[in-house]
Amino acid sequence: MIPLFPYWRFIIHTSLSREEALARLSDAVAPLKFRLFRVWDTRPQPFTGTVSEDGFQIRRIIHYRNSFLPQIYGRFLPSEEGVQIRIVMRLHPFALAIGVFLLLGIVPVLTSVLYQVVVTGHFEGSFKKPLLLIAFLYFMFAGGFCYEAVIARRLLNRLFTSPAEKPVW
């Protein structure tokens, strides 16, 4: 299911051992590097970040700009069949702060629309443009996040549920 908000929590169940899952993820994660121009990042791994015994903090390596790229956090937990990987994807705190700031600016518009509907009993046409702007901002944030989150989830599912051979990136 695609999230309505820029936050997504899910679990991957795998028959791999904890060590094997950790090794697979470590092979798919490049070390963190500060790059001014990420477009020319030629590392073959699909992710960058840190992986440890406790869990991981990663993000996808992309060759374009997207401020809504999810930050991916996960933990390995033992289960009866192998390992349970609990993953949380969320927006970068700076992008989330911008979204909250925009949302706070939208509150007066929504309040005035509701007041107008309650007092007069009809919806005035002058509120169409602000409501369209609100819808655009929502779809920009949610759509940008969901697009990247779905790709990251597919990569992680393929990484942990593929057969014994290692995935080729």
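Keep in mind it's a predicted model, so treat the numbers as computed, not measured. Numbering starts at 1 and runs along the sequence shown.
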Heavy-atom side-chain proximity of [X] to [Y] below 4.5 angstrom:
X: L159; Y: L155; value: no
X: D54; Y: R75; value: no
X: E20; Y: L25; value: no
X: I72; Y: Q57; value: no
X: N66; Y: E148; value: yes
X: L77; Y: V83; value: no
X: F68; Y: P6; value: no

Chi angles and distances behind the side chain to side chain contact (heavy atoms under 4.5 Å, CB included) call for I11, I85:
CA-CA 6 Å; I11 298 172; I85 305 156; over 6 Å; no
Just checking F10: does its CZ atom have more than 12 heavy atoms from other residues, nucleotides or ligands closer to it than 6.0 angstrom?
yes
Just how far is it from atom [atom1] of [X] to atom [atom2] of [Y], taken to the nearest 0.5 Å?
X: I151; Y: C146; atom1: CD1; atom2: SG; value: 11.5 Å
X: H13; Y: Q84; atom1: NE2; atom2: CD; value: 5.0 Å
X: E80; Y: S15; atom1: CD; atom2: OG; value: 14.0 Å

Would you find a donor on one side and an acceptor on the other, under 3.5 Å apart, between the side chain of [X] and the backbone of [Y]?
X: T48; Y: A30; result: yes
X: T120; Y: V117; result: no
X: R18; Y: E53; result: yes

Heavy-atom closest contact ([X] atom, [Y] atom, distance):
X: I61; Y: Q45; answer: CD1-O, 3.4 Å
X: R153; Y: M89; answer: N-CE, 3.7 Å
X: L22; Y: S52; answer: CD1-O, 3.3 Å
X: T50; Y: V29; answer: N-CG1, 4.4 Å
X: F145; Y: P70; answer: CE1-CB, 3.3 Å
X: A28; Y: P46; answer: O-CD, 3.3 Å

The ring pair (Phe, Tyr, Trp, His ring centres under 6.0 Å) partner of F56 among F160, Y73, F76 is F76
So if you build clusters from Ile, Leu, Val, Met, Phe, Trp, Tyr with side-chain heavy-atom gaps below 4.5 Å, do [X] and [Y] land together?
X: I98; Y: L91; value: yes
X: V107; Y: L96; value: no
X: Y115; Y: L104; value: no
X: Y64; Y: F47; value: yes
X: L132; Y: F136; value: no

Would you check, one step at a time, whether the test side chain to side chain contact (heavy atoms under 4.5 Å, CB included) holds for R24 with L16?
CA-CA 10 Å; R24 280 190 183 195; L16 301 173; 3.9 Å; yes
